[in-house]
Colleague: 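Sharing a structure with you now.
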Amino acid sequence: MPTPRSPNLLSLYPHITARDRALLHLLDDHQVLTTDQIHRLFFRARRTCQIRLGELADLGLLDRFRFARAGGGSQPWHWTLGNQGHRFQAAAHRRPEPTLRATRQAVHRLSANPHLTHLLTVNEFFVRLTTHTHHHPGTHLDRWWSEALTTRQFRTITADGHGLWRVGDTTVGFFLEADTGTEPLTRVIAKLDRYAQLTRRGGPRYPVLVWLGSQRREEHLHRLLTDEMPCATATHATDPAEAVWLPAGATARIPLAVLPSDHGHPVADNPNFDDDGLFVV
């Protein structure tokens with residue numbers, strides 16, 4: 001089999017499956033996933049997942065890192081694109097081909113990123129929605145946009161992520177704010193103003209989902225919420241597709257698919273519409 005140093009990308013193609021391509025695409029968009037997250041997304045057997053990830057690393061398509069666990073042992077492997085994976089994605093999207101040095105620097109920066117836990121939390125939210133669809137026919141995650149893509153598309157907001165969640169004939173859009181408890185809740189509240197401004201300009205009026213680490217922090221946040229923007233909260237221990245969302249001012253939790261959602265109008269800040277004014281899903 002080709003080694004990671006093989007300069008001929010074409011020689012790897014016979015070894016890349018459709019599942020591998022989907023994984024490379026996800027890592028290109030979302031930077032990092034753990035072994036467990038990849039297992040739940042793409043594999044039935046964990047051992048099969050581990051073997052395949054090792055093979056992709058040997059091919060240079062993936063790279064990995066992990067840290068020591070407090071109290072002994074190691075944390076799970078964190079997987080990202082290797083040099084060949086970056087080259088493959090660059091070719092697929094007509095981007096300049098990265099050098100081996102640039103790829104290594106990217107992995108080092110990612111592994112040392114102080115916001116790595118937050119990034120994994122954001123990705124975990126969407127992993128749970130995706131795995132929910134595996135067991136519930138009629139549900140589908142139509143969009144999984146990273147923070148970078150969400151910012152690029154909506155221009156004036158900096159959500160941690162954006163998605164379109166479909167159940168039957170109902171499609172609900174949402175913006176995600178994944179809270180890891182590292183910033184004051186007043187700052188979380190301050191972010192809601194930009195979403196309200198987007199709505200006032202004709203953009204979508206999607207619920208802002210605040211995903212929190214504890215129920216106590218959730219209770220504190222609800223004391224600060226107003227009804228200016230639709231907002232709902234849940235904790236990291238939940239399945240975000242289920243009836244776990246508590247809207248501002250409400251007393252009962254409801255499913256994601258029931259939250260109010262307005263896709264907005266065909267204005268410049270709204271990527272839901274194409275040049276013909278048609279809604280794009």
Side-chain angles (χ1 to χ4, degrees), residues 25 28-30 93 118-119 121-123 125-126 129-130 133 138-179 183 185-212 218 221-222 224-234 240-241 243-250 252-281:
H25 175 73
D28 190 29
D29 281 347
H30 305 290
H93 298 284
H118 179 263
L119 177 58
T121 301
V122 173
N123 288 347
F125 180 91
F126 288 97
L129 284 181
T130 303
T133 68
T139 64
H140 194 264
L141 182 62
D142 289 333
R143 272 189 197 159
W144 172 359
W145 283 3
S146 65
E147 177 182 355
L149 181 55
T150 301
T151 302
R152 190 159 64 245
Q153 292 287 353
F154 288 100
R155 304 185 184 184
T156 57
I157 62 171
T158 54
D160 293 328
H162 160 60
L164 289 178
W165 176 247
R166 176 162 46 90
V167 177
D169 297 328
T170 301
T171 300
V172 174
F174 62 85
F175 295 115
L176 174 67
E177 291 289 344
D179 179 77
E183 61 184 13
L185 290 175
T186 51
R187 186 173 178 182
V188 177
I189 293 295
K191 294 179 181 179
L192 298 179
D193 183 58
R194 289 193 175 184
Y195 295 106
Q197 291 179 27
L198 175 65
T199 298
R200 288 193 289 269
R201 291 194 301 271
R205 185 177 175 83
Y206 290 152
V208 179
L209 307 182
V210 187
W211 208 38
L212 302 114
E218 181 186 29
L221 178 61
H222 271 272
L224 303 174
L225 290 174
T226 67
D227 58 0
E228 183 178 8
M229 262 306 289
C231 183
T233 65
V244 298
W245 294 103
L246 184 63
R253 296 184 184 270
I254 59 177
L256 175 57
V258 177
L259 289 171
S261 175
D262 185 336
H263 301 296
H265 305 283
V267 296
D269 287 341
N270 194 350
N272 290 329
F273 294 83
D274 61 18
D275 293 337
D276 297 320
L278 301 175
F279 181 67
V280 176
V281 193

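Only a predicted model underlies this, so the values are computations on that prediction, with no experimental measurement involved.
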Colleague: The criterion is side-chain contact (heavy atoms from CB on, under 4.5 Å); which residues satisfy it with Ser146, sequence neighbours excluded?
Modeller: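 Residues passing side-chain contact (heavy atoms from CB on, under 4.5 Å) with Ser146: His30, Ala148, Leu149.
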Colleague: For residues 202-211, which residue pairs qualify under side chain to side chain donor-acceptor pair (under 3.5 Å), counting only residues two or more places apart or in two chains?
Modeller: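 Listed by first then second residue: Tyr206-His263, Tyr206-Asn272.
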Colleague: Not counting sequence neighbours, which residues clear side-chain contact (heavy atoms from CB on, under 4.5 Å) with Pro260? List them please.
Modeller: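 By the side-chain contact (heavy atoms from CB on, under 4.5 Å) rule, Pro260 matches no residue at all.
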Colleague: Just to verify, what does Gln153 make a side chain to side chain donor-acceptor pair (under 3.5 Å) with, not counting sequence neighbours?
Modeller: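 Side chain to side chain donor-acceptor pair (under 3.5 Å) list for Gln153, sorted by chain: empty.
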Colleague: Which atom names give the shortest non-hydrogen contact between Tyr195 and Thr158, and what distance separates them?
Modeller: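 Reported closest heavy-atom pair: OH-C, 4.4 Å.
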Colleague: Considering residues at least two apart in sequence or located in another chain, which fulfil the salt bridge (charged side-chain N to carboxylate O under 4.0 Å, His left out) criterion with Glu228?
Modeller: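 Expected list: Arg200.
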Colleague: Quick one: list whatever passes side-chain contact (heavy atoms from CB on, under 4.5 Å) with Pro240, sequence neighbours left out.
Modeller: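 So Pro240 forms a side-chain contact (heavy atoms from CB on, under 4.5 Å) with Phe125, Arg128, Leu129, Trp245.
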Colleague: If every non-hydrogen atom of Phe154 is compared with every non-hydrogen atom of Pro271, which pair is closest and at what distance?
Modeller: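 Nearest heavy atoms, Phe154 then Pro271: CE2-CD, 3.4 Å.
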Colleague: What heavy-atom pair brings Ala257 and Val172 nearest, and what distance separates the two atoms?
Modeller: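 That closest heavy-atom pairing would be O-CG2, 3.3 Å.
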Colleague: Taking only residues two or more places apart in sequence, or in another chain, which ones meet Ala243 in a side-chain contact (heavy atoms from CB on, under 4.5 Å)?
Modeller: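 Pro255.
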Colleague: Could you give me the CA-CA distance, side-chain angles and deciding distance for Val208 and Lys191, then say whether side chain to side chain contact (heavy atoms under 4.5 Å, CB included) is met?
Modeller: CA-CA 10 Å; Val208 179; Lys191 294 179 181 179; over 6 Å; no
Colleague: For His140 and Thr133, indicate whether the former's side chain and the latter's backbone hold a donor-acceptor pair under 3.5 Å.
Modeller: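 Looks like no, no N/O pair under 3.5 Å.
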Colleague: Using the test side chain to side chain donor-acceptor pair (under 3.5 Å), find all partners of His265 that sit at least two apart in sequence or belong to another chain.
Modeller: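 Checked His265 against side chain to side chain donor-acceptor pair (under 3.5 Å); zero matches.
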Colleague: Measure across Leu225 and Ile189 and return the closest heavy-atom pair with its distance rounded to 0.1 Å.
Modeller: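 What the structure gives for the nearest pair is CD2-CD1, 3.4 Å.
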Colleague: Using every non-hydrogen atom in the two residues, find where Pro247 and Ala252 come nearest and quote the distance to one decimal.
Modeller: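 Pro247 and Ala252 have their closest heavy atoms at CD-O, 3.9 Å.
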Colleague: With sequence neighbours excluded, tell me which residues meet side chain to side chain donor-acceptor pair (under 3.5 Å) with Thr156.
Modeller: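 Result, side chain to side chain donor-acceptor pair (under 3.5 Å) vs Thr156: Arg201.
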Colleague: Nearest 0.5 angstrom please: Trp145 CH2 to Phe126 CZ, how far?
Modeller: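 Answer rounded to 0.5 Å: 11.0 Å.
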Colleague: Would Leu209 and Phe175 satisfy side chain to side chain contact (heavy atoms under 4.5 Å, CB included), going step by step from the backbone distance to the final call?
Modeller: CA-CA 6 Å; Leu209 307 182; Phe175 295 115; over 6 Å; no
Colleague: With side chain to side chain contact (heavy atoms under 4.5 Å, CB included) as the criterion, how do Leu259 and Phe174 come out once you've worked through the C-alpha distance, each side chain's angles and the decisive distance to 0.1 Å?
Modeller: CA-CA 9 Å; Leu259 289 171; Phe174 62 85; over 6 Å; no
Colleague: Residues two or more places apart in sequence or in another chain: which of them pass salt bridge (charged side-chain N to carboxylate O under 4.0 Å, His left out) with Asp160?
Modeller: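 Asp160 satisfies salt bridge (charged side-chain N to carboxylate O under 4.0 Å, His left out) with no other residue.
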Colleague: Please identify each residue that fulfils side chain to side chain donor-acceptor pair (under 3.5 Å) with Asp179, with sequence neighbours left out.
Modeller: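 Once residues adjacent in sequence are excluded, the partners of Asp179 under the side chain to side chain donor-acceptor pair (under 3.5 Å) criterion are Arg217.
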Colleague: Using every non-hydrogen atom in the two residues, find where Thr199 and Pro204 come nearest and quote the distance to one decimal.
Modeller: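 Heavy atoms of Thr199 and Pro204 come nearest at OG1-O, 3.3 Å.
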Colleague: Could you list the residues that satisfy salt bridge (charged side-chain N to carboxylate O under 4.0 Å, His left out) with Arg253, not counting sequence neighbours?
Modeller: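 For Arg253 the salt bridge (charged side-chain N to carboxylate O under 4.0 Å, His left out) partners, ignoring immediate neighbours, are Glu218.
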